[in-house]
Amino acid sequence: MRRLFDWLHARSGYRAGLSHLLDEPLPAGTGWLFTLGSVLLFLLAAQLLTGAFLTLYYAPTPDHAWESVRFITREARFGWLVRGIHYFGASFIVVAAVLHLLRVVAFGSFKPPRELTWLTGVALLLLILAFALTGYLLPWDQRAYWATVVTINIASLAPVVGHALATLAGGGREVGALTLTRWYAAHVIFLPALLAALVVVHLFLMRRHGISGPVRPRSGGARPFYPYQAARDVTVVLVVAAALVTLAWRGVPALEAPADPADATYIPRPEWYFLGLFQLLKYLPGRFEVVGAIVIPGLALLALALLPWIDRGSGRDPRSRRRTLTGVGLAVIALVALTAAGWRDRPASAGERWTPRQIAGAVWQARAGCERCHSEAGLADPVGVASLQRSPAWLASHVVDPEVIGPGVRQPPRVNQREVEAIVTYVRRLAAGDPPPPVSESDRAFALLFARYCVGCHRFHGDGGTEGPDLSRVGAKRDAPWLLRWIAEPEDVDPNASMPSFESRLAPEELDLVARYLAARK
Amino acid sequence: MTAGMAHHGGRRRALAAFVGTAVAGLAGALGAVLGAFAAPVRREAGKGWLRAAGLSDLEPGTPFAASVSVAIDDGWRRTRVPQTVFLVWDGAGGIRAMSATCTHLGCRVAWDAATKRLRCPCHGGVYDAEGRVTGGPPPSPLASVEARIVTDAASQDEVLVRL
């Protein structure tokens, strides 16, 4: 065996290269805090590998992206694990990159002659965020689609170039097929190429100048990277890998319903590391939006990039750099506070609770007799198994008159418009992989009434119209008798009410049920 | 340096072994997972019973062309392809089903009521009502398909086939 390696070395000289990599001399006192670079390299490799293998199954078109991701999660062997590692790996990389950055700032490692290393590092951080952004769109579910619409809108806020930027990034005026292929190309080809180049430059510069090491030089000579620091690096990497697999085991957040560009009532929310920016925008509405979206982040990034020049002087001792460290510390606290506020404030995911429309849809779908054809032995796939390439509008037409799509079907089901909407919502939810949860009799009875009479104007658990108020917690403000009077005859309570009266449309016991159910929602 | 290394020689070797093992373990685990992931999923394509026709559609002894919608699982895509089978009922409880694909070169055969034969339009293959070859180039009888009669909830007799 050794002779084989001797032969290889005689022809390639690989041992010199290996020695250069592994025998890197590290200043005494280089300890655990310096493992973050290796952790980042490991995570990048993990993302690259899992990402590359995911492309074996992923289809980057609006018609099939969602199904291909569902296939990966449910059917491909270990698909849940590969996707889980990739999904949580993204969050881990952001955290590791920020920690690595903070370590560098704390130790003043960016001071001369390492300013260029610092700049490439900042560029790498931005690249990582770009990866996260482009990757978020790829599942093409509601969450991915509408978050991207927000991103493009923010890009368009940039002065002068905003519109051009948004059009270039979006592949057109709307987020659609061209956006998806473009962001997929970025995520899989352009960004990785840029990343590889920048990482090589960053590592080259790092080796050229050597690891900065502890702030105050320690006694003892330099030690080789391998195996001493390598052992520390590997230990931390093992812990991180275990954490990653554990999270992947517990499951990636479920795919929401397939993207529906026509559903403007969906409330988008970004991945957690953008929540801070999202929250900031809430404090700066209207004309000041550009301040929160472009100006503040832009200035912060500029300050970050220019830190080696803002924090002048070649002394690395923290005690002589109090102003810089305080500034950075305050920025970190602000970011953490904004992110925490954004987390608390985040809208209830439409993908969490089953809405009345979905619950009612289950009932109405069963009554509509779809199983005549939609069953294992029938003409078409069972409900819930059928692929969802079709838009909600197509599904609705099909429910109303199946004969148009499937000639030979005898009678269309007897359904009205509200029932059609509910059935379509239910079918899409089912196809997302969520079996219907057990619902109580009162939940079901309420859902049947709400989905027919109220959902057009009122939201409940994230679904519904916006003309009237959200009723998810109306019981905290109104009691049952008030609600009963109001629903029956709003103008008796408030002459200026624009809500229609329901006294003649609902039976007394139905009015009573709705009022009591809503009063209990606190 | 040499003296220090001799002193730490044992520790150095242990750490090196740890690093080597850990890296090999991580690489091996990742490789195994990705390798399994890359292997195509072998699907037992839903070999279920599909409804072909109602018994009332059939005449005893006469092959009836029934169209069945078969689900094809193609990765994340599920498509339905219509296929034709011929059903032959004996008038009592016996039912047989045959593929409509000619065993010569794969064209679809059709029932010729006048001569009581199944004929292939491509190269003149001829089969009888049982699927046996009576003329032309086909090398073997029409493939048979599993079939059975069931009575559904509404007391209708249905013919199911398994493709």
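Lettering of chains follows the sequences in order, A, B, ..., and the numbering in each one begins at 1.
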Interface moiety of L34(B) toward chain A, non-hydrogen atoms closer than 4.5 Å: both
With V237(A) via side-chain contact (heavy atoms from CB on, under 4.5 Å) - residues at least two apart: V39(A), F42(A), L26(B)
Salt-bridge contact D112(B)-R119(B) (side-chain N to carboxylate O under 4.0 Å): yes
Stacked cation flag R223(A) on Y228(A), 6.0 angstrom / 45 deg: yes
Aromatic ring proximity F86(B)/W111(B), centre distance under 6.0 Å: no
Sorted by number, residues from residues 82-89 of chain A in contact with chain B (heavy atoms, under 4.5 Å): V82(A)
Structural part of A39(B) lying under 4.5 Å from a heavy atom of chain A: both
Top contributor to chain B interface from S68(A), A76(A), A230(A) [non-hydrogen pairs under 4.5 Å]: S68(A)
Sub-6.0 Å ring centroid separation between F71(A) and Y57(A): yes
Test of ring centre spacing under 6.0 Å for W80(A) and W249(A): yes
Salt bridge present between E75(A) and R70(A) (N-O < 4.0 angstrom): no
Segment of P82(B) engaging chain A (4.5 angstrom heavy-atom cut-off): neither
Under 2.5 Å between SG of C107(B) and C102(B): no
Heavy-atom pairs under 4.5 Å with chain B, option from F53(A), F78(A), Y226(A) with the top count: F53(A)
